[in-house]
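Step one of this worksheet: look at the structure below.
Everything quoted here is computed from the prediction, not taken from an experiment.
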Amino acid sequence: MTETDAPRQANVFAAVKRGARCAFMGAALFLAACQSIVPKGPGPVAPTGPARPTGPEVVQGLPTDAARHRVALLVPMSGPNAGVGQSIANATTLALMDTKTDRVRITTYDTALGAAAAVNRALADGNRLVLGPLLAEDARVIGPIAARANVPVISFSNDASIAGSGVYVLGYNTAQSIDRVVGFARGKGLSRFGALVPRGTYGERAGNALLRAVEQAGGTVVSMQTFDRNPASITTAVKKLQASSSYDALLIADSGRVALQVAPIVRKNGGATARLLGTELWNTEGTLAASPVLRGAWFASVSDTLYRQLATKYRARYGTSPFRLSSLGYDSVLLTVRIAQDWKPGSPFPAARLRDAGGFSGIDGAFRFNRAGVAERALEVNEVGVGASSVVDAAPRGFGE
């Protein structure tokens, strides 16, 4: 994902300890300067035509600018994913405004016109850091080209398989959310886990993540069934689950929209008292709390507290709601601005700074890149209630040394 890559993602969320030093701006900056991010719903309609870059217009290369760092934003600004790309681009603009930095210059390049063409143009223009792309397949094209120029790539994808060789994955990782919610459930005494996972790459990664998480937590996976996203296939999978063995916790490893379809079938076929568990994908479904059968379900995700402030500010400035992934654009700028304090303009980006063990602070909470180059995040656990979801286990505030 990106969760534009949603059913293409896959490790396990590293243990996060309280009280560490999450660098850069804390809640004070965000409360004062931010007021918006994507609501838990689909998001605005994508533009139908090519969008103009949010950075300075580029004609025959960028003008000389020895005082600022040149950073490229590579996202789709046209085509089917233009709405997400525009939200991310707008969020980077808000971040530049909120940080009041005069050291960073961000220019947007449209990956929908060709990922290779976009990164080659960005490199020719002298950019020393790439923020994006959105899609894993674009990152696989862009990564090697940028690496030859010694330019790091901070992708908004959630596909951990693209990390390495100068590519960092900033997107939300399903394996981490599964590890977090399984650990919480195990701590509450649940030990027998079942799972329903969609067929395909996303489902395979989610299933593997569950097996690892349950083993590490000291529980047992009693049954795991795959399904296609249609009522007949879901019903068949649930009945196989019922016949296989009993379970006291059931992971529905799919979006909140699919969980709304699956939960009633589970309740009628052997899972009447099971605790339902979800992934970070549930965080974007605003109607979960309207379903009685999902009440009491747990899912792990990044916190929405600061994101809601960002979304409010975004709507005030742009007149529309952002996509939830816009926070990745905002946080990537916060990270860049922080490192830019010790980064000489015109010199290579100090990629080693991305491995800061203390991590970074952003709209989505504390995060840091592990050795593989995948963002580890401090996640909270939410419980679906009547009319709303509430936090039952807060996200750690930072990372241990």
- Task: Indicate yes or no: at least one non-hydrogen side-chain atom of Leu196 is less than 4.5 angstrom from one of Leu250.
- Result: yes

- Query: Just checking, is any N or O donor in the side chain of Thr287 or Glu285 under 3.5 Å from an acceptor N or O on the other one?
  - Reply: yes

- Query: Does Arg353 have any salt bridge (charged side-chain N to carboxylate O under 4.0 Å, His left out) partners at least two apart in sequence or in another chain, and if so, which?
  - Reply: Asp342

- Message: Taking Met77's backbone N and O only, do any of them form a donor-acceptor pair with Asp110's side chain (distance below 3.5 Å, no angle check)?
- Response: yes

- Check whether any side-chain N or O of Ser347 sits under 3.5 Å from a backbone N or O of Lys344 as a donor-acceptor pair, and report yes or no. yes

- Query: After noting the C-alpha distance and the side-chain angles of Leu276 and Leu294, does the key distance pass the side chain to side chain contact (heavy atoms under 4.5 Å, CB included) rule?
  - Reply: CA-CA 7 Å; Leu276 300 183; Leu294 280 177; 3.8 Å; yes

- Closest approach of Ser321 and Arg315, non-hydrogen atoms and distance? OG-CD, 3.3 Å

- Message: Strictly distance-based, threshold 3.5 Å: is any side-chain N or O of Asn120 a donor or acceptor partner for the main-chain N or O of Ala116?
- Response: yes

- Item | Non-neighbouring partners of Arg140 that pass side-chain contact (heavy atoms from CB on, under 4.5 Å), sequence neighbours left out | Ala136, Asp159, Ser161, Ile162

- Query: Rounded to the nearest 0.5 Å, how far does CH2 of Trp298 lie from CG of Leu251?
  - Reply: 13.0 Å

- CZ-CG distance between Arg308 and Leu306, expressed to the nearest 0.5 angstrom: 9.0 Å

- Query: For Gln176, which of Val374, Val181, Val302, Thr279 qualifies under side chain to side chain contact (heavy atoms under 4.5 Å, CB included)?
  - Reply: Val374

- Task: Just do the salt bridge (Lys or Arg N to Asp or Glu O under 4.0 Å) check on Asp356 and Arg338 with the steps written out, would you?
- Result: CA-CA 12 Å; Asp356 186 342; Arg338 176 189 164 188; 2.7 Å; yes

- Task: Answer whether the closest heavy-atom distance between the side chains of Asp331 and Leu335 falls below 4.5 Å.
- Result: no

- So, does Ser326 use its side chain to make a donor-acceptor pair with the main chain of Pro322 at under 3.5 Å? no

- Task: Tell me yes or no: between the side chains of Ser177 and Glu280, is some donor less than 3.5 Å from an acceptor?
- Result: yes

- Message: For Arg199, give me all partners under salt bridge (charged side-chain N to carboxylate O under 4.0 Å, His left out), at least two apart in sequence or on another chain.
- Response: Asp228

- Task: Using the test ring-ring contact (aromatic ring centres under 6.0 Å, His included), find all partners of Tyr247 that sit at least two apart in sequence or belong to another chain.
- Result: none

- Message: Please give me the minimum heavy-atom distance between Ala175 and Arg212, naming the atom from each residue.
- Response: CB-NH2, 4.3 Å

- Query: What heavy-atom pair brings Leu334 and Gly362 nearest, and what distance separates the two atoms?
  - Reply: CD1-CA, 4.0 Å

- Applied to residues 261-276, the side-chain hydrogen bond (donor to acceptor under 3.5 Å, both in side chains) test, sequence neighbours excluded, yields none

- Message: Run the side-chain hydrogen bond (donor to acceptor under 3.5 Å, both in side chains) test on Ser303 and Thr305 for me, step by step, so that the C-alpha distance in whole Å, both residues' side-chain angles and the decisive distance to 0.1 Å come before the verdict.
- Response: CA-CA 6 Å; Ser303 173; Thr305 301; 3.2 Å; yes

- Query: So which heavy atom on Val71 is nearest to which on Thr336, and how close?
  - Reply: CG2-CG2, 4.0 Å

- Asn150: side-chain hydrogen bond (donor to acceptor under 3.5 Å, both in side chains) partners, not counting sequence neighbours: none

- Message: Any heavy-atom pair between the side chains of Val381 and Arg180 that's under 4.5 Å?
- Response: yes

- How about Glu204 and Asn208: does a side-chain donor come under 3.5 Å of a side-chain acceptor? no

- Item | Backbone of Pro133 reached by a side-chain donor or acceptor of Asp138 within 3.5 Å | no

- Quick one: does Met224's side chain get under 4.5 Å of Leu210's, heavy atoms only? yes

- Query: Quick one: are Leu170 and Ser155 in side-chain contact, heavy atoms under 4.5 Å?
  - Reply: no

- Query: Mind checking what makes side-chain hydrogen bond (donor to acceptor under 3.5 Å, both in side chains) contact with Ser245, not counting sequence neighbours?
  - Reply: Arg192

- Step-by-step side-chain hydrogen bond (donor to acceptor under 3.5 Å, both in side chains) determination, Ser332 to Tyr168: CA-CA 11 Å; Ser332 69; Tyr168 297 79; over 6 Å; no

- Looking only at atom types and distance, does a side-chain atom of Arg368 sit under 3.5 Å from a main-chain N or O of Ala357, one as donor and one as acceptor? yes

- With Arg186 via side-chain hydrogen bond (donor to acceptor under 3.5 Å, both in side chains) - residues at least two apart: none

- Query: Measuring from Leu328:CG to Phe367:CZ, what's the distance to the nearest 0.5 Å?
  - Reply: 9.0 Å

- Message: For Asp254, give me all partners under side-chain hydrogen bond (donor to acceptor under 3.5 Å, both in side chains), at least two apart in sequence or on another chain.
- Response: Arg229

- Query: Got a second to check how far Tyr330's OH is from Tyr314's OH, nearest 0.5 Å?
  - Reply: 13.5 Å

- Message: Suppose we screen for side-chain contact (heavy atoms from CB on, under 4.5 Å). Which residues come up paired with Ala249, at least two apart in sequence or across chains?
- Response: Leu190, Phe193, Leu277

- Find the distance between CG (Asn90) and CZ (Arg317) and round it off to the nearest 0.5 Å. 8.5 Å

- Verdict with supporting geometry, Phe299 and Ser389, side chain to side chain contact (heavy atoms under 4.5 Å, CB included): CA-CA 10 Å; Phe299 65 94; Ser389 294; 4.0 Å; yes

- Once you round to the nearest 0.5 Å, how far does OG1 of Thr236 lie from CG of Leu241? 12.5 Å

- Message: Taking Ala89's backbone N and O only, do any of them form a donor-acceptor pair with Thr92's side chain (distance below 3.5 Å, no angle check)?
- Response: yes

- Task: Identify, with sequence neighbours excluded, every residue that meets side-chain contact (heavy atoms from CB on, under 4.5 Å) alongside Thr235.
- Result: Lys239, Ile265

- Contact check, side chains of Pro152 and Val130, non-hydrogen atoms, under 4.5 Å: no

- Message: Just so I know, are the side chains of Phe156 and Leu74 near enough to count as touching, which here means a heavy-atom distance under 4.5 Å?
- Response: no

- Between Leu113 and Ser78, which heavy-atom pair has the shortest distance, and what is it? CD2-OG, 4.0 Å

- Message: Please find the pair of heavy atoms, one from Ala289 and one from Val384, that lie closest to each other, and give the distance.
- Response: CA-CG1, 3.7 Å

- Message: Between Arg324 and Asp364, does any side-chain N to carboxylate O distance fall below 4.0 Å?
- Response: yes

- Message: If only side-chain N and O atoms count, and only distance matters, is there a donor-acceptor pair under 3.5 Å linking Tyr109 with Asn127?
- Response: yes

- Message: Run the side-chain contact (heavy atoms from CB on, under 4.5 Å) test against Ala388 and tell me which residues pass, sequence neighbours left out.
- Response: none

- Hey, are the side chains of Arg128 and His69 touching, using non-hydrogen atoms and a 4.5 Å cut-off? no

- Look at the rings of Trp343 and Phe349 and say which category their plane angle falls in: under 30° parallel, 30 to 60° tilted, over 60° perpendicular. perpendicular

